[in-house]
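As C-alpha cells, the structure follows; a few thoughts come after it.
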Amino acid sequence: QAKASGRNTVCFFDQAMQHTVDERAALESSLRDAIHQQQLALHYQPQVNAQGKVLGAEALLRWQHPEKGPISPGLFIPLAEKSTLIIQLGNWVLETACRQLVSWSHAPESAGLTLAVNVSARQFHQPDFVQQVLDIVEQTGADPRRLKLELTESMLLNHVQQTILKMVALKAHGISFSLDDFGTGYSSLAYLKRLPLDQLKIDQSFVRDLQQAGHDTDTDIVRTILALAQTLALDVIAEGVETDAQQATLARLGCHHYQGYLFGRPLPTEQFNQALSQKSAQTITA
Ligand code: C2E
Ligand code: MG
Ligand code: MG
Ligand code: MG
C-alpha cells in the first residue's frame, strides 16, 4: 500500500514537473517571438528630487502576450536569464532606452533626463558586454552621460576584477552605475569600496515598513545605508516610495532622491512625456 502510493506520488510529481517544464518551454519560445512581433515595450517611472522635480526615469520592461495578456518581468526575466535569450532581450532594452534618450534630448523639458536601465547578471558577464553597450550608444547617438546601468549585488560578487574593469571602461565614456535592491544582497564594505559605483538604490522592502517616527529596524537600516553612502561618496535613491509619511521619514534621514508610486507609476512613453510636460507647465505657472 505504502509502496503503491509512494509510486503514485512519484508519478504525480513527475507529471507536475513535466507540466512546468512544458509551460516554461512554451513561454520561452513565445518570448523569443515577442522580440520580433513587437510585444515588448519599455515603461518609464520617474525619479525625483526633494522638490518633486523629475531628474530621470527607470526603464522597466513590459511584455504583452497575445493570449495571456501582460506578463510580469519578475516572471519572464528569470526565465530569459536561463538561456541566451536574455542577451537579445537586454540588447533590445538598451537600444530602445538609448533611442528614448535621443528622443528626449529634442524637447527642453526632457533634455536633461537620465535613464536607468536594468542589466541582468548573464548579460553583464558576457565577455563583450562593454563593446555591445558602446556599439548601441554609438549607433543610436545617445548621450552616454544620460545613461545609468542598474546592477545588483549578487551579480557583482564573483569576478570582482572583471566587474571593475568593465565598469571603469564604461564610466570612461560617461555611463554611470547604480546598485539596485541595495541591502538585500551580501556586499561587504571592503568590496563596495572597490566598485566604481555612483549610486545606491535602497530596496523597497526597507522603504515599505518605514515608520514616520520611532526606532524600528527599517529606520535603522535606512540610516545605516545613508551613512555608508556618505562614507563612500555615493548618491542614494529610495525605491518603492508610496506614501507621504515614507518620503518624510526618508527626507528626515537624509535621503533626497525618490522613485515610487507616490511620484508616478511606470508609464508608456507617450503618457510619461505627457505627465512630464504637464508637470513642467505647472512649475512654470506656479
Ligand atoms: P527593479 O529594477 O527593482 O524595479 C522596481 C520594481 O518595483 C518595478 O517592478 C516597479 O514597477 C516596482 N515599483 C516601482 N515603484 C513601486 C512602488 O511604489 N511600490 C511597489 N510595490 N512597487 C513599485 P517591475 O516593473 O515589475 O519589475 C520587476 C523587476 O524586473 C525589476 O526590479 C527588475 O529586476 C526586473 N526588470 C524589469 N525590467 C527589466 C529589464 O529591462 N531588464 C532586466 N534585466 N530586468 C528587468
Ligand atoms: Mg531596477
Ligand atoms: Mg530595485
Ligand atoms: Mg527589485
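As the structure lists them, so they are numbered: ligands from 1, and atoms in each ligand from 1.
Contacts between P266 and ligand 1, counted as non-hydrogen atom pairs separated by less than 4.0 Å, involve the side chain only. Contacts with ligand 1 closer than 4.0 Å are made by no heavy atom of H43, backbone or side chain.
Under a cut-off of 6.0 angstrom, the local environment of CD in E138 is sparse, with at most 12 non-hydrogen atoms contributed by other residues, nucleotides or ligands. Other residues, nucleotides and ligands contribute at most 12 non-hydrogen atoms within 6.0 Å of the CD atom of Q230.
Annotation: cation-pi pair K166/F124 present, NZ/CZ under 6.0 Å from the ring centroid and within 45° of its normal.
Between the side chain of S83 and the backbone N or O of L79, no donor-acceptor pair lies under 3.5 Å. Side-chain atoms of T224 come within 3.5 Å of backbone atoms of D220 as a donor-acceptor pair (strictly under, hydrogens ignored). A donor-acceptor pair under 3.5 Å links the side-chain atoms of R122 to the main chain of K82, judged by distance alone. Side-chain atoms of K279 come within 3.5 Å of backbone atoms of G52 as a donor-acceptor pair (strictly under, hydrogens ignored).
Among D203, L60, V241, the residue whose heavy atom lies closest to atom 10 (C) of ligand 1 is L60. Distances from atom 25 (O) of ligand 1 to the heavy atoms of Q45, R62, K201 put R62 nearest. Closest heavy-atom approach to atom 37 (C) of ligand 1 within the set P70, G260, P73: this belongs to P73. The heavy atom nearest to atom 46 (C) of ligand 1, out of those in T243, I86, T152, N118, is found in N118.
Contact detail for S120 and M155: the closest heavy-atom pair is O-CE, 3.8 Å. Taking each heavy atom of L149 and I175 in turn, the nearest pair found is CG-CG2, 3.9 Å. When all heavy atoms are compared, the tightest approach of K201 to S178 is CB-OG, 4.0 Å.
Within the listing of ligand 1, atoms 2 (O), 4 (O) sit less than 4.0 angstrom from a heavy atom of E58. Numbered from 1 in the order shown, with element, the atoms of ligand 1 that lie under 4.0 Å from a heavy atom of V93 read 41 (O). Atom numbering of ligand 1 starts at 1 in the shown order; those under 4.0 Å from a heavy atom of D180 are 1 (P), 2 (O), 3 (O).
Residues E58 and N118 have side chains that bring a donor and an acceptor to within less than 3.5 angstrom of each other.
Listed by chain and number, the protein N, O or S atoms at a distance under 2.8 Å from the Mg ion (ligand 2) are E58 OE2, N118 OD1, E150 OE1, D180 OD2.
The distance criterion of under 3.5 Å between nitrogen or oxygen atoms is met by L61 with respect to ligand 1. For the pair Q259 and ligand 1, the shortest N or O to N or O distance does not fall below 3.5 Å. The N/O atoms of E242, backbone and side chain alike, include one that comes under 3.5 Å of an N/O atom in ligand 1.
Residue Q199 is tested with L234, D235, L179, D180 for a side-chain contact (heavy atoms from CB on, under 4.5 Å); the sole match is D235.
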